There are 2 protein chains.
Amino acid sequence: MDIRTLCLGVLSRGDATGYEIKKAFEEGPFGHIHAASFGAIYPALSALSDAGMVLGTEMAQEKRPDKKVFSITERGRTALCEALMAPPGEDKVRSDFLFILFFAHFLPAPRLADLIDRRIAWYRNCLERMESCDCEAARPGEVFVHGLGLAVYRAAAEYLAANRDRLLEEVSAGSRMVAE
Amino acid sequence: MDIRTLCLGVLSRGDATGYEIKKAFEEGPFGHIHAASFGAIYPALSALSDAGMVLGTEMAQEKRPDKKVFSITERGRTALCEALMAPPGEDKVRSDFLFILFFAHFLPAPRLADLIDRRIAWYRNCLERMESCDCEAARPGEVFVHGLGLAVYRAAAEYLAANRDRLLEEVSAGSRMVAE
DNA sequence: AGCGATATATACTGATCCGATATATAAATT
DNA sequence: AATTTATATATCGGATCAGTATATATCGCT
């Protein structure tokens with residue numbers, strides 16, 4: 001799913017600036033769905049604007065830099081619906097954390113403990129934020145995907161907390177064997 | 001984590017061809033950890049070879065095209081360990097499936113049902129394959145990450161199966177209301 | 001006082017990666 | 001015969017990223 005479609009999706013729910021769109025993909029409703037960077041969002045909005053799929057309106061602000069608010073056009077809505085009807089590509093995951101953990105035997109135990117504890121805290125922080133989010137008025141798909149995100153994050157946090165000590169013991173035991 | 005480091009990681013466990021490295025990131029041990037494409041793997045192997053971090057040995061085969069088997073050098077091992085000690089970047093997720101589901105109200109219910117059922121089947125297929133994988137002789141980090149992948153996939157499959165019908169009903173109800 | 005961090009904003013750039021393609025050797029399926 | 005599948009290497013134009021630059025403010029630390 002290209003970043004242009006992602007932007008159309010965000011704008012279909014309401015007008016937004018490029019900055020706000022980025023925020024939606026960080027800690028907002030799309031945070032566990034799809035990543036997107038400023039380096040891709042702004043050129044995408046520019047292309048969408050050239051193609052008449054969005055309309056950008058510049059506004060001055062007080063105490064803050066000027067901003068450009070984008071709204072989706074009917075042409076943009078049509079393009080979004082077509083994209084949503086296309087078969088989805090495969091999910092893509094890139095996790096430095098998991099890659100590093102795969103090679104846990106290369107790391108000292110205290111470093112491992114720190115990494116895992118930070119990740120557990122991260123998950124718990126996300127869960128708190130997501131649980132305090134009021135989804136009652138949201139659309140069924142939004143609620144469904146939100147619930148799926150909660151379920152997956154919970155499972156991950158629980159597994160990390162339940163298995164952390166064992167991994168650390170095994171890695172420490174492996175280090176002692178090597179030292180002997 | 002760049003693709004060069006990923007390749008070093010795969011090769012640290014044993015010699016491999018570029019094709020085999022790709023396979024490791026598809027349905028192999030790194031399947032739920034990090035994605036990587038041929039377009040990135042081959043240039044990365046070439047750069048690693050130029051930098052003396054891997055060694056490529058060309059081999060002829062019968063009934064198959066020639067292949068080039070890569071092995072990691074000591075310099076490569078050192079670079080891998082340094083990369084593993086660096087702070088991990090943020091996980092990146094890109095899921096067309098979740099994005100489409102977020103906008104479930106735009107899709108007809110039969111299409112939605114098909115998408116969800118295919119994904120449930122995909123998860124169950126992955127779980128079967130992962131569960132039949134013999135990890136007893138693996139290193140502690142490998143076992144840990146494997147278990148985490150299982151936990152997350154199970155949670156996702158269970159949530160999808162448990163909530164599928166409700167989503168379809170709500171989307172159908174929403175369509176009837178719009179029609180009225 | 002100056003710097004860094006934070007937040008809100010837009011935009012750009014060189015590096016990295018992707019999806020698709022090309023090519024090759026085979027075998028199986030339609 | 002064409003397509004699909006599997007094993008292999010390699011490339012290319014387009015997409016995306018991480019970091020940077022710039023701007024308006026405020027706050028915290030040295």
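Lettering follows sequence order; numbering is per chain, from 1. These numbers were taken from a predicted model, which means no experiment stands behind them.
OP1 or OP2 of dT7(D) lies within a sub-4.0 Å distance of a side-chain N or O belonging to Tyr19(B). A sub-4.0 Å separation between OP1 or OP2 of dT10(C) and a side-chain N or O of Tyr42(A) is present. For Lys68(B), no side-chain nitrogen or oxygen approaches OP1 or OP2 of dA8(D) to under 4.0 Å. The side chain of Gln61(B) places an N or O atom within less than 4.0 Å of a non-bridging phosphate oxygen (OP1 or OP2) of dA8(D).
Residue Lys63(A) contributes atom NZ, which lies 9 Å from atom C1' of dT26(D) at whole-angstrom precision. Taking atom CG of residue Leu48(A) and atom P of nucleotide dA11(C), one finds them 14 Å apart after rounding to whole Å. One atom, CG of Leu6(B), and another, P of dT16(C), lie 13 Å apart when rounded to the nearest Å. Summarising the geometry, the separation between CD1 on Ile41(A) and P on dC12(C) is reported as 15 Å, rounded to the nearest angstrom. Rounded to an integer number of Å, the gap from CZ of Phe38(A) to P of dA21(D) is 16 Å. Distance, Asp91(B) CG to dC17(D) P: 15 Å, rounded to whole Å. To the nearest angstrom, C1' of dA15(D) lies 9 Å from CG of Asp2(A). Between the P atom of dC18(C) and the NZ atom of Lys92(B) lies a distance of 12 Å, rounded to the nearest Å.
A salt bridge links Glu26(B) with Lys22(B): the closest approach of a Lys/Arg side-chain nitrogen to an acidic carboxylate oxygen falls below 4.0 angstrom. Between Glu131(B) and Arg154(B) a salt bridge is recorded (basic side-chain N to carboxylate O distance below 4.0 Å). A salt bridge is defined here as a Lys NZ or Arg NE, NH1 or NH2 lying under 4.0 Å from an Asp or Glu carboxylate O, and Arg119(B) with Asp91(A) meets this definition. Taking the charged nitrogens against the carboxylate oxygens, Glu142(B) and Arg13(B) do have a contact shorter than 4.0 Å, which makes a salt bridge.
Residue Ala40(B) places its side chain closer to dC18(C) than to any other of dT24(D), dC18(C), dA8(D). Listed candidates were dC18(C), dT16(D), dA11(C). Nearest to the side chain of Ile3(B) is dC18(C). Distances were taken from every side-chain heavy atom of Arg94(A) (C-beta onward) to each of dA9(C), dT7(D), dC17(C); the shortest belongs to dC17(C).
Comparing Glu62(A) and Pro43(A) along DNA chain D, the residue whose closest nucleotide (by nearest heavy atom) sits nearer the 5' end is Pro43(A). With DNA chain D read from its 5' end, the first of the two nearest nucleotides for Arg64(A) and Lys23(B) is the one closest to Lys23(B). Remark on DNA chain C: of its neighbouring residues Ser37(B) and Glu58(A), the 5'-side contact belongs to Glu58(A), judged by nearest-heavy-atom nucleotide.
Gly18(B) comes within 4.0 angstrom of the backbone, heavy atoms only, and of no base. At a threshold of 4.0 angstrom between heavy atoms, the contacts of Ala36(A) are confined to the sugar-phosphate backbone, with no base atom among them.
Aromatic ring orientation, Phe99(B) versus His34(A): perpendicular (interplanar angle above 60°, classes split at 30° and 60°).
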